[in-house]
Structures are given as structure tokens and as C-alpha cells.
Amino acid sequence: MIYNNFGDIKLSALGYGCMRFPLDENGKIDKAETKKLIDYAMANGINYYDTAWGYLGGESEIVTGELLSNYPRDSYYLASKFPGYDLNNMGKVEEIFERQLEKCGVEYFDFYLFHNVCELNIDGYLDPEFGIYDYLIKQKKNGRIKHLGFSTHGTYETITRFLDAYGKDMEFCQIQLNWLDWEFQNAKRVVELLDSLSIPVWVMEPVRGGRLTTLVPKYADKLKEVNSKRSLADWAFNFVKSIPSVTVTLSGMSTMEQLKENIEIFSKNDVLVKEEKDALITLGREITKVDALPCT
């Protein structure tokens with residue numbers, strides 16, 4: 001496993017996104033199958049686990065915390081988020097944060113995020129009446145949050161507003177980043193903004209919920225012409241690995257096959273050469289002209 005430095009700690013370059021655990025016939029998390037995945041991930045060097053209040057009907061935090069409790073607390077890094085995507089939560093930061101610690105069975109979060117900063121909730125996040133920022137900063141001072149950041153699908157202007165207000169305290173930012181969205185959703189411009197502020201990048205949707213690993217043949221064949229040895233997952237993940245400021249890339253792995261393939265990719269210091277990167281950008285432009293894929 002490749003590890004990247006974040007301050008004085010080393011984070012696995014591949015992080016486990018806990019939003020797509022396998023489900024049983026009733027639509028609930030299949031804990032037995034999920035345990036196999038977590039155990040394999042831990043045994044093969046993944047030390048970053050990303051959950052959230054609303055994932056999998058609110059069960060992700062519970063199951064993630066339960067399965068990780070089988071390991072020493074200092075052997076993994078756990079991330080969760082304040083659910084500001086629901087405006088009804090804006091006045092409940094203390095209630096929700098305390099409940100999240102309880103659900104995960106931990107005394108602190110290694111990483112904690114303002115979840116999905118966007119046009120819908122930016123005013124609420126910035127409103128001192130709700131006290132979200134003040135409360136989370138207090139928890140950081142108390143050691144219950146080790147590192148504070150934010151995730152976003154927002155516009156460049158919204159991200160700038162958030163950073164103007166809280167940027168000095170943001171230690172990392174989680175964005176949707178993949179070769180299709182490098183230009184299509186201005187990921188490149190956002191990375192450049194974060195780089196200018198020395199804020200490390202966390203990546204979500206590196207394969208767009210799996211869509212970039214199931215390209216139609218006419219698009220997949222164009223990549224094969226450039227390098228026939230790369231799988232579509234390899235193309236996607238190595239594009240992200242080629243961006244210097246990316247520290248953690250999250251993947252929601254729901255099968256052992258996905259997990260093993262991703263671990264193998266993130267066990268090699270393999271990045272795309274210029275010709276390969278150019279081929280992806282060109283293909284992204286072609287696809288988004290006629291067949292744009294929505295955010296997942």
C-alpha cells in the first residue's frame with residue numbers, strides 16, 4: 001500500500017468509503033460480508049475509513065464503528081461528517097456530533113468534515129446563529145476532532161465563500177475528482193484553488209460510482225489504443241494518483257473483487273504519463289459533449 005504524509009501521520013493513499021457496503025436481501029448492511037471486506041482492507045494496509053450520518057439509512061456509522069472496534073484505536077483513522085445537506089440539521093450540531101461518537105463507539109474522530117458544502121446550505125454553514133463552526137472548532141480544541149475539513153460538490157464561487165470564512169482552519173478538502181470531471185465539473189480549477197491555500201485534496205467519486213469502469217466499447221477501445229494493459233479502473237485511479245496534492249482517494253468497495261483490484265493499483269507507484277493523461281482529457285471532452293454523466 002502506498003502511504004502519503006499528512007502532517008506527522010501516514011495515510012493510506014486508498015481510503016475505504018463506507019457508503020456502499022454489501023446489502024442483504026432486506027436491503028440492510030450485510031455485516032458478515034462487510035466484516036470480510038474490512039478485515040481484508042485492514043490486513044492489506046488501508047487505514048482510512050470514511051463514513052457519514054446519512055450513509056446507508058444511518059447504519060454506516062454503526063457498522064463501521066463496530067467492525068473497526070476489533071482493532072486497536074490507533075491502527076486506523078476514522079472520518080465522519082456533519083450532515084448540513086439537510087437544512088433541518090443546522091441547529092443540531094451538538095446533538096448530532098454526540099450521537100455520532102456514540103454510534104461509532106469512539107471518543108474522538110480522526111477526521112471530521114462539514115458535509116457537502118453547496119449552494120443549498122452555504123448560508124446556514126456560515127450563519128453564526130447555528131454555531132456549527134464554533135462548536136466544531138471547540139471539539140477540535142478538546143481533542144474530540146483531530147483534523148477538521150469539508151467536502152463539497154458546490155460551485156467554485158460557493159467554495160470560495162466557504163474558504164474566505166473558514167479556510168484558515170480547514171486542514172483538507174474532499175472533492176469529486178476524476179478524469180471526466182477534471183474539466184466538466186471544474187475539478188482542475190478547484191484543485192488549483194486548494195493548492196494555492198496549501199489545503200490537501202481528498203478524492204471522492206474517482207470512478208463516478210463505477211461508471212468510469214463500465215465505459216461503452218467505443219470509448220474503452222480508444223484507451224486500449226493508447227495502453228492495452230490498463231483496466232478501466234487502473235486508468236481512473238492512476239489519473240487521480242498523478243495529481244500531486246491528492247492525499248487520500250476514497251472508493252466505496254462493495255465486493256472483494258473490487259477491493260483486491262483497488263489495493264493492487266494502490267500498491268504500485270504507477271502514474272499516467274503525459275500521453276495517457278492527454279488521452280483521458282480528450283476522451284472526457286468527447287463524452288461530455290454528447291453523453292454527460294450526472295454526479296453520483
Side-chain angles (χ1 to χ4, degrees), residues 4-9 11 13 15 17 48 50 52-53 77-87 89-94 96-97 100 108-178 181-183 185-206 240 243-250 295:
N4 292 320
N5 294 323
F6 179 80
D8 59 354
I9 63 178
L11 299 176
Y48 190 95
D50 172 87
W53 176 259
Y77 300 98
L78 179 62
S80 196
K81 313 173 187 75
F82 175 73
Y85 53 82
D86 183 346
L87 297 183
N89 293 331
M90 285 299 181
K92 304 176 183 177
V93 61
E94 180 174 2
I96 288 174
F97 183 80
Q100 287 177 300
Y108 64 89
F109 288 111
D110 300 282
F111 294 83
Y112 197 82
L113 299 84
F114 293 79
H115 197 171
N116 189 24
V117 174
C118 65
E119 293 62 60
L120 174 69
N121 58 34
I122 182 65
D123 290 333
Y125 272 143
L126 298 183
D127 190 338
E129 181 179 344
F130 292 126
I132 298 168
Y133 166 81
D134 291 338
Y135 181 81
L136 296 182
I137 289 294
K138 180 181 178 181
Q139 300 317 306
K140 185 179 176 186
K141 289 178 179 178
N142 292 340
R144 301 171 87 203
I145 294 173
K146 302 300 182 183
H147 303 285
L148 183 62
F150 70 107
S151 70
T152 181
H153 289 285
T155 64
Y156 184 87
E157 290 70 28
T158 296
I159 295 169
T160 300
R161 279 188 66 195
F162 186 84
L163 289 170
D164 285 346
Y166 303 147
K168 63 182 175 55
D169 295 304
M170 294 298 105
E171 297 178 77
F172 64 105
C173 176
Q174 189 165 302
I175 65 172
Q176 179 166 322
L177 196 164
N178 52 68
D181 289 320
W182 186 241
E183 292 183 342
Q185 292 199 21
N186 292 320
K188 180 177 185 289
R189 191 180 182 203
V190 174
V191 169
E192 290 171 346
L193 172 64
L194 296 171
D195 285 351
S196 74
L197 299 171
S198 299
I199 297 176
V201 175
W202 266 229
V203 172
M204 54 184 166
E205 303 297 349
V240 171
I243 300 169
S245 50
V246 169
T247 301
V248 175
T249 298
L250 297 169
C295 167

Closest non-hydrogen atoms of P83 and N89, given as atom of the first, atom of the second and distance, are O-ND2, 3.0 Å
Verdict with supporting geometry, D123 and R161, side-chain contact (heavy atoms from CB on, under 4.5 Å) | CA-CA 10 Å; D123 290 333; R161 279 188 66 195; 3.0 Å; yes
Could you give the distance from CD (E205) to CD (Q176), rounded to the nearest 0.5 Å?
-> 5.5 Å
Taking all heavy atoms of S80 and all of Q100, pick out the closest pair and write down the distance.
-> OG-NE2, 3.3 Å
Distance, nearest 0.5 Å, that separates CD of Q139 from CG of D134 | 11.5 Å
Out of F162, Y85, Y133, F111, which one pairs with F150 under the ring pair (Phe, Tyr, Trp, His ring centres under 6.0 Å) rule?
-> F162
So how far is it from L193 CG to I159 CD1, rounded to the nearest 0.5 Å?
-> 7.0 Å
So, the side chain of N4 versus the backbone of A13: is there a donor-acceptor pair under 3.5 Å, distance only?
-> no
Between P206 and V240, what is the shortest heavy-atom contact and its length?
-> CB-CG2, 4.2 Å
Note, N142 side chain near Y108 side chain (heavy atom, < 4.5 Å) | no
Hey, what do you get for CG (L136) to CG (D169), rounding to the nearest 0.5 Å?
-> 10.5 Å
Quick one: does D50's side chain have a donor or acceptor within less than 3.5 Å of a partner on G17's backbone?
-> no
Compare all side-chain heavy atoms of F82 with those of Y135 and state whether any distance is below 4.5 angstrom.
-> no
Looking only at atom types and distance, does a side-chain atom of N121 sit under 3.5 Å from a main-chain N or O of G124, one as donor and one as acceptor?
-> no
Do the ring planes of Y112 and F97 sit parallel (below 30°), tilted (30 to 60°) or perpendicular (above 60°)?
-> perpendicular
Atom pair CD/CE of E129 and M90 - distance to nearest 0.5 Å | 12.0 Å
Work out which heavy atom in T155 is nearest to a heavy atom in E119; give both atom names and the distance.
-> N-OE2, 2.9 Å
Output yes when a side-chain donor or acceptor of T247 lies under 3.5 Å from a complementary backbone atom of W202, and no otherwise.
-> no
Close side-chain approach of K140 to E171, heavy-atom, < 4.5 Å = yes
Rounded to the nearest 0.5 angstrom, the NE2-CG distance for H153 and L120 is 13.0 Å
Using a cut-off of 6.0 Å, state whether more than 12 heavy atoms not belonging to K188 lie near its atom NZ.
-> no
Is the shortest heavy-atom distance from the side chain of F114 to the side chain of M170 under 4.5 Å?
-> yes
T158 side chain reached by T152 side chain, heavy atoms, under 4.5 Å = no
Side chain to side chain, I132 and D127, heavy atoms closer than 4.5 Å = no
For the ring pair H147 and F6, is the centre-to-centre distance below 6.0 Å?
-> yes
Might you confirm whether atom CD of E157 has over 12 heavy atoms from other residues, nucleotides or ligands at distances under 6.0 Å?
-> yes
Does the gap between the ring centers of Y166 and Y125 come in under 6.0 Å?
-> no
Taking all atoms of both residues into account, what is the closest heavy-atom pair of Y77 and L11, and its distance?
-> CD1-CD2, 3.5 Å
For S245 and D195, the nearest pair of non-hydrogen atoms, with its separation, is OG-OD1, 2.8 Å
Would you say the side chain of W53 lies within less than 4.5 Å of the side chain of D86, judging by non-hydrogen atoms?
-> no
Start with the C-alpha gap between Y48 and V248, add the side-chain angles, then the distance that decides, and say whether side-chain contact (heavy atoms from CB on, under 4.5 Å) holds.
-> CA-CA 8 Å; Y48 190 95; V248 175; 4.0 Å; yes
Quick one: are D181 and L177 in side-chain contact, heavy atoms under 4.5 Å?
-> no
